[in-house]
Amino acid sequence: MRIRIVDAFTDRPFAGNPAGVLLLDAFPDDDRLQRIALEVNPSETAFAHRLPPGGEADWALRWFTPAAEVAMCGHATLATAHVLHTTGAHRGAVRFATRSGVLVATPHEDGSITLDFPTAPLTPVETPAGVAAALGTEPRTVLDTGPNVGDLLVEVADEETVRGLTPDLEALSAHSERGVIATARAEDPAGGYDYVSRCFFPNVGIDEDPVTGSAHTALAPFWSERLGRPDLTGLQASSRPGRVRTRLRGGRTLLSGHAVTVIDGELLA
């Protein structure tokens, strides 16, 4: 099996969010997929195989963290579309059949790729007991992000608070299916981004995800409503930061960014 490591939501190596990408003839059994994802060990590894022509999708796509399969992953989808486009395995927009329905990735002349994902349904909830202590700060707003994303979206006081979070991950794991998205409005509107976020996913084996496309399907409607604009840019302020351009289209959210292949090798086992 040929395997590539691709940095997503960045235009330079060793930044953004790395994902493993394997293009297969068919999916092996789930245990083998999970073992490969653990061996590769970025936050997500994507497995894809071509589908017969004439259907609603061109490729089947699945995503695994080192610990579990997930229902949606933005950066590994971007990475897979980048590999398909740069290797000539697929030309033009590609339709992926996934657990979250058919997702479309469209390449552009500048090298960026736009993902068409379902917008997360946001439901305000009372702050669960223990969340403030686990995060280390008092939330302003807490929302459930629905089954595809599976996180709590937590607005905190300001950008400085987001950047300074050192959560108790074990305590945080009790409060959502996947984890917690912490966010705040950008401190400086001239900084090139509208809001900041950090994502902590202890329940799927990821202490902190560098740049999370799926989280932006919740961040986009949240901040578009507050800022009064459908087109925004989010900065995920991890140790490998990245920017995600979002465009809200009702039930769909468009996520745009670049990707860079940094490793191209062969899986021998």
Side-chain angles (χ1 to χ4, degrees), residues 1-10 13 16-107 111-118 148-150 178 201 204-206 209-214 217 255 257-269:
M1 296 181 186
R2 192 167 179 177
I3 183 167
R4 297 168 175 87
I5 304 298
V6 178
D7 289 344
F9 292 114
T10 181
N17 201 351
V21 178
L22 291 91
L23 305 183
L24 310 172
D25 295 327
F27 291 136
D29 64 79
D30 289 3
D31 180 67
R32 180 159 173 76
L33 295 175
Q34 188 63 72
R35 286 175 180 270
I36 292 170
L38 178 59
E39 184 73 18
V40 177
N41 208 40
S43 61
E44 303 279 355
T45 297
F47 301 90
H49 71 77
R50 194 187 304 272
L51 294 172
E56 67 173 3
D58 307 301
W59 290 74
L61 178 62
R62 296 172 70 181
W63 313 279
F64 285 76
T65 77
E69 184 173 11
V70 296
M72 179 188 290
C73 179
H75 86 276
T77 304
L78 180 67
T80 305
H82 168 79
V83 169
L84 292 175
H85 180 59
T86 56
T87 63
H90 190 94
R91 299 192 181 280
V94 56
R95 302 168 299 168
F96 292 112
T98 78
R99 288 173 57 179
S100 298
V102 175
L103 307 177
V104 180
T106 303
S112 67
I113 295 171
T114 296
L115 308 178
D116 184 336
F117 272 38
N148 285 339
V149 177
R178 183 174 70 165
F201 303 143
V204 292
I206 303 168
D209 198 34
V211 190
T212 313
S214 60
T217 68
L255 313 170
H258 288 77
V260 181
T261 301
V262 293
I263 296 175
D264 187 346
E266 186 177 357
L267 183 68
L268 300 177

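Residue Asp31 places its CG atom among more than 12 non-hydrogen atoms of other residues, nucleotides or ligands, all under 6.0 Å distant. Residue-environment remark: CZ (Arg95) exceeds the threshold of 12 foreign heavy atoms within 6.0 Å.
Side-chain contact check for Ser214 versus Arg178: some heavy-atom pair is nearer than 4.5 Å. Contact check for Thr65 versus Phe201: no side-chain heavy atoms found under the 4.5 Å cut-off. With a 4.5 Å cut-off on side-chain heavy atoms, Asp116 and Thr106 do not count as touching. Using a 4.5 Å heavy-atom threshold, the side chains of Leu103 and Leu115 count as separate. Side-chain contact check for Arg2 versus Leu23: every heavy-atom pair is 4.5 Å or farther apart.
Contact between Asp209 and Ser43 at its shortest, heavy atoms only, is OD1-OG, 2.9 Å. Nearest approach of Arg50 to Trp59, heavy atoms of both residues: N-CE3, 3.2 Å. Closest of all the heavy-atom pairs between Pro66 and Asn41 is CG-OD1, 3.3 Å. Smallest separation of non-hydrogen atoms from Asn148 and Met72: CB-CE, 3.7 Å. Shortest non-hydrogen contact noted between Met1 and Ile36 is SD-CD1, 4.0 Å. Closest approach of Gly111 to His258, counting heavy atoms only: C-CD2, 3.6 Å.
The structure places CG of Leu255 at 12.0 Å from CD1 of Ile113, a figure rounded to the nearest 0.5 Å. Here the straight-line distance linking atom CG of Leu22 with atom CG of Leu33 works out to 9.0 Å at 0.5 Å rounding. Interatomic distance, CG of Leu84 versus CG of Leu61, reported as 9.0 Å (0.5 Å rounding). With rounding to the nearest 0.5 Å, the separation of CD in Gln34 from CD in Glu39 is 12.5 Å.
Residues in residues 77-86 take part in these side chain to side chain donor-acceptor pair (under 3.5 Å) pairs, two or more places apart or across chains: Trp63-Thr77, His82-Thr261.
The aromatic ring centres of Phe27 and Phe47 sit 6.0 Å or more apart.
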For a side chain to side chain donor-acceptor pair (under 3.5 Å) check, start with the C-alpha distance between Arg4 and Thr87, then their side-chain angles and the critical distance, and finish with the verdict.
CA-CA 11 Å; Arg4 297 168 175 87; Thr87 63; 5.3 Å; no
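Under the 3.5 Å distance criterion, the side-chain polar atoms of Ser100 are matched with a main-chain donor or acceptor of Ala71.
Partner Arg62 forms a side chain to side chain contact (heavy atoms under 4.5 Å, CB included) with one of Val70, Asp30, Thr98 and no other, that one being Asp30.
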